[in-house]
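To start, the structure itself, in C-alpha cells.
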Amino acid sequence: MAMLDFPVAEKDPLFALSHRFRADPRPEKLDLVLGVYRDEQGQTPVMDVVCQAELELAEQRLSKSYRSLSGHTRFNAGMVQLLLGDALPRARQIAALQTVGGTGALSLLAGMIAVSSPGTMVWSSDPGYVNHRPICEGAGLPIRPYRLRSKAGMADIALILEDLEAAQSGDVVLLHGCCHNPTGLEMDLNSWSAVADLCERKALIPFVDMAYQGFGLGLEEDAIGLRLLVERLETVLVAASCSKNMGLYCERTGAALVIASSTREASNATAVLENLAWTNYSMPPDHGASVASLVFQRYDLWKSELEAMRQRIVALRGQLVDCLRQTGVSRRLLDIHHHSGMFSVLPFNAKQMEFLRQEYSIYGTDGARINVAGLSTADVPYLVRALKETSGILRT
C-alpha cells in the first residue's frame, strides 16, 4: 500500500513551551510565553466595544454568502485610515487586502515579493519576531540580519544603518512599526527619518509589521514611523493585525497593504495578492472583519478601552522595575523600564531561562522574551525573586 513519507518537522517553539506550561502541575506557575493580553484575573478579555459590534451583527442577520477575494471592503478602508491617516499623498495608490491575521498578511506579502522579484533579499532585525524568518524562507526569499541593540533605552539606529549599508537596490527591509517583538525597543522620529533616507538613497523597500498599534504610545502615536515612510518613499509594504488592539486573536483578522506609486502598480499588486489568497484559502473569514468595521465606527469607545489596557501594561512594567530596583539587581535588568508594548527581553541566556522554568515554573522563551502583559500585580514580587536568583547563576 502506498504511503506518504512524512518528514519529521520541528515543533513551533512557542507552542511547545505553552504545552509544557499547561502540563506543569505547580500552582504558582507563570505563562509569559505567548503574546496575549491578560487582565488581573489572568483572562484575555473580550472588549466591550467588540461585544457591542457582535450583538449588532447578530441583530442584522446578514447573509453569510461568499465575499470577495480581497475580503471585507469597509474593513480594508478602515485599516488604511487607521494605519495611514492623512499621510498618503494624493498621487499614490493602495492595494489593501483582508488577510487571515497579521501572519497571513506577512505570508501573502512575502509571496508577492517572491512572485514579483524572485530571490529578493529580506533584511530582518536580530533579534526579531520568531516567525519572520520561516515565513520569508518559506516563500523562497533569502534573509539577512541587521543588529537591533539598545542605546539609551532606544533602538541603536547607528548599528541598524551600518548593517543596512550592505543592502542592494531592491532589497526589502522588515521593520516593526512599534513595540518591537521581542525586545520592546522603539525608534524615535529621527531614527525613522534616517531609515527613510537610507531606503531612498539605496532604493530599498520597507516592509512594516504593525502588530501592536495602540500598545506603545497610542493609536496615532504608534503610526508615526510608518506614516513618515509612506510620505517619503514610493513603495511601502504593511502587514497589520487586529489580534492585540481589538482582542480578536482567534478571529484571525489582519490586512496586507501595498502603497504603490501608480494605479497600475496598485492594481497589479492586488491581482497578485488575490491570486495567492485564492490558491491558499480562497477568501478570508468575514466575522472578525465585520466586527472590526463596526469598531472603527465606535472609535472613541475603542480608543478608551485600548488606552486602559495600554496603561495597565505601563503600570505593570513600572511596578516590575521598581521591585527590581529595590532588590539591588543588575542594571541590565532595569532596562525593562525603557521597553514599550507587551514584551521585554531579559539579559538572560537559554540556560537561565530553563532555570526559571525548572525552579520557579516561570515560562519565557529561550531567547529570554517575557510577556509583561501576561502578568498580574500579584505576580510581580514572585517574578522579581526569581529574576534576582536567576541573574546570579553563571551565564554559560
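Along the sequence shown, the residues carry numbers beginning at 1.
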Centre of Phe21's six-membered ring, under 6.0 Å away, within 45 degrees of the axis: is that where NZ or CZ of Lys29 sits?
yes

To the nearest 0.5 Å, tell me how far Cys136 SG sits from Ile113 CD1.
7.0 Å

Taking the side chain from Thr44 and the backbone from Tyr37, do they hold a donor-acceptor pair closer than 3.5 Å?
yes

Does the Lys NZ or Arg CZ of Arg310 fall within the cation-pi geometry relative to Phe215 - under 6.0 Å from the ring centre and within 45° of the axis?
no

Closest approach of Gly341 to Arg317 (non-hydrogen atoms, all atoms of both residues):
O-NH1, 3.0 Å

How close do Leu387 and Leu346 get, heavy atom to heavy atom, and via which atoms?
CD2-CD1, 3.7 Å

Between Ala386 and Ile362, the two heavy atoms sitting closest are CB-CD1, 3.5 Å

Presence of salt bridge, Asp366 and Arg357, under 4.0 angstrom:
yes

Applying ring-ring contact (aromatic ring centres under 6.0 Å, His included), name anything that partners Phe207, two or more places apart in sequence or on another chain.
none

Counting only heavy atoms not in His337 (residues, nucleotides, ligands), do more than 12 fall under 6.0 Å from its NE2?
no

Does any donor atom in the side chain of Tyr360 or Glu28 lie under 3.5 Å from an acceptor atom in the other side chain?
no

Partners passing ring-ring contact (aromatic ring centres under 6.0 Å, His included) against Tyr249 (at least two apart in sequence or in another chain):
none

Residues passing the side-chain contact (heavy atoms from CB on, under 4.5 Å) test with Asp222, sequence neighbours excluded, are Cys178, Gln213, Leu217

What one should report as the nearest heavy-atom pair of Leu97 and Ala277 is CD2-CB, 4.5 Å

Is the backbone of Trp278 close enough, under 3.5 Å, to the side chain of Ser282 for a donor and an acceptor to pair up by distance?
no

Derivation of the side-chain contact (heavy atoms from CB on, under 4.5 Å) call for Leu333 and Val321
CA-CA 8 Å; Leu333 268 172; Val321 171; over 6 Å; no

Ser243 and Arg252: side chain donor to acceptor below 3.5 Å
yes

Using modelled atom types only, decide if a donor and an acceptor are shared between the side chain of Gln98 and the backbone of Pro285 within a distance under 3.5 Å.
yes

What closest approach, in Å, do Val36 and Asn371 show between heavy atoms, and which atom pair accounts for it?
O-ND2, 2.8 Å

Could you list the residues that satisfy ring-ring contact (aromatic ring centres under 6.0 Å, His included) with Phe355, not counting sequence neighbours?
none

Is any side-chain heavy atom of Glu251 less than 4.5 Å from a side-chain heavy atom of Met246?
no

Please list, chain by chain and in numerical order, all residues satisfying ring-ring contact (aromatic ring centres under 6.0 Å, His included) with His176, sequence neighbours excluded.
His132, His180

Does any donor atom in the side chain of Arg369 or Ser344 lie under 3.5 Å from an acceptor atom in the other side chain?
no

In short, salt bridge (charged side-chain N to carboxylate O under 4.0 Å, His left out) pairs touching residues 174-201 with sequence neighbours left out are Glu165-Arg201, Asp197-Arg232, Glu200-Arg232

